[in-house]
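Down below is the structure, laid out as structure tokens.
By convention in this document, chain letters (A, B, ...) are assigned in the order of the sequence lines, proteins followed by strands, and residues within each chain are numbered from 1. The model shown is predicted, which means the values in this text are computed figures rather than measured ones.
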Amino acid sequence: MKKILIIISLFLPNLISSQIIVNENGREEPSVEMITQVKLLAQFIERFNYKKTFDNKNIDSLFRGKIDRKTYIKLLFNRLDKRLINSDSIPTDYSILRDEFIEEVCKQKKQMYIGKYTNKLFAYADCEVIYKGKLNKATLILQRKVNEKNVMFWKIINVKANFLEIPKVKNNKIVHIPPNSHETNFMSLLRIFQKPKFEKVFDFEKIDILSIFAFEIYKKNLKFKYVTKVKYEILDIKNWIISIEEFSRNDINSGWLISNVKRI
Amino acid sequence: MEKNISKLQCKKFGNLKITKFVIILSFLCAFSIENLNAQNKNLNVVEEFELTDEELKAFKQTTRDKISELETCIKIIGDKKYSSIKKKKSIETALKLFIPDAKMQVSSLRNGRVSVNTFPMETYFMRLKSLPYSKVKISFYDLAYISDFQKGADGKYYATAFIFQKFEGFYGDNLSYEDKTQKTIDITLELREDPFFKKKRWVILLGDVKVTETKK
């Protein structure tokens, strides 16, 4: 904590105080915690790419002289992660991995950045839904898509919803579409669909939870309520997965921070 | 009689056709990727209206002004010293800053569980107007953050603004309640036709707002 404060005080020397200052516009001057907080994912990317200062100005030589990129990225890690506490004196596996990550990202002449138009950005949105009148939890997995004209949009690419099930199919010799059915315009379906276990004739391996989820929304059996938590994964840094979560706390290390890095 | 039968047949056939059409259309709408691509292609019609980085920068400043306008409105709506008429006018002004169906979603963490409440924007302002305190002070911090605009598939540009708000509610001179919240606001930059001049111009509108309580 002391180390972080020293680093930040290099840049924000006038703000390390708990006094409330009101400026000429009648607005309160923000506290140092408010300034250093990573407010949005967009701001996280700007800081990770060493483009913007804590107070959102372009990084210049003066800033570079005080805080280098390695230190700046280190500040984007959740410092209250159990794997990082006291790791300055006693390194842990995770703190070593973090340092390797930072070294690779900031390698001289081969610096790595998160692309402004990357589609290697995924969001995991925990949400609450009402399914057939009952409250349930689901996680939507979304990917940011970017077309050739840099037009961006999110797409739901998968969903985790334990309350939905893909019908279990066992080999059933009784309910099946006979091999010659095509010759008679599949008339046998008329009879098969009257049978109690008609679903066995569907190739459910091709139907995933995402299709069922979309279909249940379409049929109005499933009503989306709201998202309770969002987590991001960025795969734009070669060989690494960066997980980002929101840490809402009154601390100089808060907001959207790295909760995990993983080598792939 | 024959006419009636043919009419009936036509109707039946028509109904069947409609039913079939509805089913096909529904499935196409729900699952067809081709349909979505086609939709995107249609939406790309507006791509001729490409804004330059400089223009987008200028709109970022305009967004800052809009946010400032919203902050002023919120202060007036909450402040007990203003008349009901002035507050009503401020609500009208504030609502004009937003897209028509904008929502305010307030989330808070209670006993480890996230509780989320969503209100139409007008309801939020009405509640703010009639809070049961004798004095209300709302202040904002000099720290509005606005992200860069990004182009969406519908030809509009999208950004996000972030502001800190401090709320203090008093009974007499005693501070009864205070909180600090963060407001994350959707911003849309879209081309709209001016009803008077019949000319298209870019308009900034505020959208849904996510409110998060700051832990003390």
Side-chain angles (χ1 to χ4, degrees), chain A residues 20-31 33-35 37-46 51-52 54-56 116-117 126-128 144-155 210-211 214-219 225-230 246-251 254-256, chain B residues 26-27 29-31 33 36-37 40-41 43-44 46-47 50 68 71-72 75 103 105-109 113-118 139-166 180 182-185 210 212-216:
Chain A
I20 295 167
I21 307 158
V22 178
N23 66 16
E24 67 275 16
N25 305 321
R27 289 162 181 271
E28 287 188 16
E29 288 286 353
S31 64
E33 291 86 359
M34 286 175 170
I35 294 173
Q37 178 186 349
V38 188
K39 294 152 197 80
L40 300 172
L41 181 71
Q43 198 174 40
F44 172 89
I45 294 172
E46 284 170 352
K51 298 281 177 217
K52 299 276 182 178
F54 295 109
D55 54 353
N56 218 38
K116 191 177 176 186
Y117 299 108
D126 291 344
C127 57
E128 292 195 355
R144 192 177 73 174
K145 304 274 185 180
V146 185
N147 74 11
E148 67 283 357
K149 287 185 174 171
N150 291 334
V151 165
M152 295 186 212
F153 47 91
W154 287 94
K155 284 253 170 158
L210 183 66
S211 313
F215 185 72
E216 292 293 8
I217 290 177
Y218 166 70
K219 293 292 284 179
K225 278 188 81 187
Y226 46 72
V227 169
T228 53
K229 192 186 170 191
V230 177
E246 190 175 23
F247 296 89
S248 181
R249 58 191 178 213
N250 194 12
D251 190 273
S254 66
W256 293 97
Chain B
S26 312
F27 270 87
C29 287
F31 297 110
I33 294 163
L36 283 171
N37 287 339
N40 285 339
K41 271 180 197 162
L43 292 169
N44 284 347
V46 288
E47 271 187 3
E50 199 83 39
S68 199
E71 289 175 351
T72 308
K75 278 183 191 174
K103 303 265 192 300
Q105 191 168 79
V106 186
S107 65
S108 48
L109 195 68
R113 196 181 179 277
V114 181
S115 128
V116 181
N117 287 306
T118 310
S139 39
F140 292 91
Y141 291 83
D142 220 359
L143 192 75
Y145 172 82
I146 294 152
S147 72
D148 288 339
F149 278 100
Q150 296 173 328
K151 196 167 189 182
D154 54 0
K156 297 176 188 173
Y157 287 84
Y158 295 90
T160 313
F162 184 99
I163 53 173
F164 283 103
Q165 179 191 292
K166 186 178 173 186
K180 271 184 200 162
Q182 306 168 6
K183 287 188 164 65
T184 312
I185 308 162
K210 182 187 105 176
T212 320
E213 280 181 19
T214 311
K215 277 187 188 172
K216 284 175 190 164

(Q) Need one label for Thr184(B): side chain, backbone, both or neither, based on atoms under 4.5 Å from any heavy atom in chain A. (A) side chain
(Q) Run the side-chain contact (heavy atoms from CB on, under 4.5 Å) test on Glu46(A) and Asp148(B) for me, step by step, so that the C-alpha distance in whole Å, both residues' side-chain angles and the decisive distance to 0.1 Å come before the verdict. (A) CA-CA 10 Å; Glu46(A) 284 170 352; Asp148(B) 288 339; 4.2 Å; yes
**Q.** Sub-4.5 Å side-chain heavy-atom contact between Tyr145(B) and Gln37(A)
**A.** no
Q) Taking only residues two or more places apart in sequence, or in another chain, which ones meet Asp126(A) in a salt bridge (charged side-chain N to carboxylate O under 4.0 Å, His left out)? A) none
Q. Taking atom CD1 of Ile35(A) and atom CZ of Phe164(B), what is their separation to the nearest 0.5 Å?
A. 9.5 Å
Q) Is chain B contacted by the side chain of Asn150(A), its backbone, both, or neither, given a heavy-atom distance below 4.5 Å? A) backbone
Q: Could you tell me which non-hydrogen atom of Tyr141(B) sits nearest to which non-hydrogen atom of Pro30(A), and how far apart they are?
A: CD2-CA, 3.8 Å
(Q) Distance check, rounded to the nearest 0.5 Å: Lys180(B) atom NZ versus Glu33(A) atom CD? (A) 8.0 Å
Q) Who pairs with Tyr158(B) by ring pair (Phe, Tyr, Trp, His ring centres under 6.0 Å), at least two apart in sequence or on another chain? A) none
